Amino acid sequence: MKINKCYRNIEDSYLFSTISKKVSEYKEKNPQADIIRLGIGDVTRPLCPVVTEAMHRAVDEMSKIETFHGYGPEQGYKFLRDAICKNYKELGVDINSGEVFISDGAKSDVGNILDLFDKENTVLIPNPVYPVYVDTNVMDGRKIIYLDANEENKFLPMPPNGIRADIIYICSPNNPTGAAYSKIQLKKWVDYALDSKAIILYDAAYEAFIEDDNLARSIFQIDGADKCAIEICSFSKTAGFTGTRCGYTVISDELKFDGMSINKMWLRRQSTKFNGVSYVVQRGAEAVFKEEGRLQVMESINYYKENAKIISDLMKNFGTWFTGGKNSPYIWFKCPSGMKSWAYFDYLLEKTNIVGTPGIGFGENGEGFFRLSAFGSRENIIKATERIKSLKALAQ
Ligand code: PLP
C-alpha cells in the first residue's frame with residue numbers, strides 16, 4: 001500500500017492554532033482581560049426567521065409518510081436550483097437549472113472540483129490567499145505559480161505577462177484582503193483564460209457584500225466567462241449557513257475542454273461520490289431567495305457592513321493603508337511603523353486585548369499586513385475601535 005506522498009508536502013496550518021495558543025497564554029497571565037475576537041471569518045448572527053420557519057416546515061414534512069423525502073437528487077432539488085437561476089437572472093445572467101449544482105458548501109466544491117482536472121496542470125494562485133486553494137493542489141501534486149498581490153496592485157493582481165497556467169483561482173471579494181475586482185478587471189482575466197485555454201475557478205463566497213455597480217457579483221456577468229469559468233458560491237456568509245451547510249456551483253453547458261463537457265463530468269462526479277444536501281437544509285436555502293428572506297438576509301449583511309464601515313473609518317482617521325471594508329466583511333491593513341504581522345498581533349493583544357489575524361498566515365505577501373473581520377457584534381466592534389483610538393494602536 002502506497003500513500004499519497006504529496007501529503008508530505010502540505011505545510012501544517014499553524015495560523016489559528018497559534019492564535020488560540022497565544023490568546024490562552026495571555027488570558028492565563030491576565031485573567032481580567034476582556035478579549036475581543038475580530039480574527040475569525042465565521043458569522044455570529046443567527047439564521048433569519050424565514051429560513052428557520054421553512055426548515056421547521058420541512059422537518060414536519062419529513063415526519064409524515066405522505067411528505068417524507070429519502071435520497072434527493074445528487075445535483076440538488078429543482079426548487080432550489082430554480083430559485084438560484086432566478087436570482088442570477090436579476091444580475092443579468094441567464095443560466096438553466098441543469099447548470100447549478102447544490103453542495104454542502106463552497107469549501108467542499110473548491111476541493112472536489114479538482115477531481116476533474118489532470119494533476120499535470122499548472123495552477124495560478126494569488127498570494128496572499130484562502131489556504132484551501134493551495135493545500136488542495138499540493139495534495140494532488142500540481143505545480144503552483146504564485147501571483148503577487150501587494151500594495152502596488154491594491155491586492156488585485158492582473159493577468160501576468162508571459163506566464164501561462166491551466167487553472168486560475170480568483171476570489172472576489174477576497175478573503176483575506178477584502179479587495180474586489182471590477183467588471184473591467186475581470187474581463188481581462190476572462191480574456192486571458194480564453195486566450196490561454198485555461199479554466200478560472202471563481203470563488204464568489206462573499207458576493208452578497210458587493211454594493212458598487214462597477215464590481216461583479218458573478219463572473220458570468222462578464223462576456224465569455226461561460227466558456228472558461230466555474231463559479232463557486234455559498235450560503236455561509238450570505239445567509240449565516242456556516243453551521244447549516246449549503247452552497248452551489250455553476251458550470252455552464254458551454255464549458256468544454258478536450259471535447260468533454262465539464263458540466264457533464266461534474267454531474268458524473270457528484271452522482272458517484274456525493275448523495276446530496278438534506279431536504280430540510282435545501283428548503284431553508286430556498287427561503288433565502290423569497291422576498292421576505294432577501295430582506296431578512298440583507299438585514300444581517302447590512303449589520304456586518306456597518307461594522308466594516310466603523311472599522312474602515314478608523315483606518316481612514318489614522319491614515320492607515322487598507323483594502324476591503326466596503327463590498328466585503330474583511331478589512332486588510334498595513335501594520336503601523338513597519339511592524340511584522342505577528343509582532344503587531346502581540347502588540348494589539350497586549351495593548352488593546354483585540355485578537356485579529358496576522359496577514360502572513362495567508363502567504364508571504366501577507367507579511368506586514370493584518371486582517372480584521374466585521375462578523376462580530378456591534379458592541380464589540382465599537383469597543384474595539386474605541387480601544388484602538390485611545391491607545392493609538394494604529395499610529396505610525
Ligand atoms: N471560500 C472562501 C473564500 C472562504 O473564505 C470560505 C470560508 O471562510 C469558503 C470558501 C468556505 O465556505 P463554506 O462555508 O461554504 O464551505
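The first residue in the sequence is number 1, and the count goes up from there. Atoms within a ligand are numbered from 1 in the order they appear, just like the ligands themselves. All of these numbers come straight from a predicted model, not from anything done at the bench.
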Check: Would you say Asp258 has more than 12 foreign heavy atoms packed within less than 6.0 Å of its CG?
Finding: no

Under 4.0 Å from one or more heavy atoms of Ser236, ligand 1 contributes atoms 13 (P), 14 (O), 15 (O)

Problem - Lys290 bridged to Glu53 by N-O distance under 4.0 Å - result: no

Residue, atom and distance of the protein heavy atom nearest atom 16 (O) of ligand 1 read Arg245 NH2, 2.7 Å

Atom 11 (C) of ligand 1 has as its nearest protein heavy atom Tyr130 OH, 3.4 Å

Between the side chains of Asp60 and Lys64, is the shortest nitrogen-to-carboxylate-oxygen separation below 4.0 Å, so that they form an ion pair?
no

Original post:
Hey, is ligand 1 close enough to Thr242 that some N/O pair sits below 3.5 Å?
Top reply: no

Is any NZ, NE, NH1 or NH2 atom of the basic residue among Arg142 and Asp166 found under 4.0 Å from an Asp or Glu carboxylate oxygen of the other? no

- Under 6.0 Å between ring centres, would you say that holds for Tyr206 and Tyr304? no

Per-atom filter on ligand 1: closer than 4.0 angstrom to a heavy atom of Cys171 are 3 (C)

Kindly indicate, with the supporting measurements, whether the criterion ring-ring contact (aromatic ring centres under 6.0 Å, His included) is fulfilled by Phe289 and Phe235.
CA-CA 11 Å; Phe289 298 109; Phe235 291 95; 5.7 Å; yes

Looking at side-chain heavy atoms only, is the closest gap between Phe117 and Val123 below 4.5 Å? no

Within the supplied structure, the quantity of interest is the number of heavy atoms (other residues, nucleotides, ligands) at a distance under 6.0 Å from Leu391 CG; does it exceed 12? yes

Item checked: Phe235 touching ligand 1 at heavy-atom level, < 4.0 angstrom -> no

Atom 1 (N) of ligand 1: of Asp203, Val43, Ile40, Ile232, the nearest heavy atom sits on Asp203

So is Gly247 in contact with ligand 1, going by heavy-atom distances below 4.0 Å? no

Note: ligand 1 atoms sitting under 4.0 Å from heavy atoms of Ser234 are 13 (P), 15 (O)

Checking the N or O distance criterion of under 3.5 Å, is ligand 1 in contact with Ser108? no

- Got an N/O contact under 3.5 Å between Ala106 and ligand 1? yes

Ligand 1 atoms nearer than 4.0 angstrom to some heavy atom of Gly105 are 15 (O), 16 (O)

Closest non-hydrogen atoms of Arg283 and Ala54, given as atom of the first, atom of the second and distance, are O-CB, 3.7 Å

inquiry  = Tell me whether Tyr133 has any N or O atom under 3.5 angstrom from an N or O of ligand 1.
reply    = no

Here the atoms of ligand 1 under 4.0 Å from any heavy atom belonging to Lys237 are 7 (C), 8 (O)

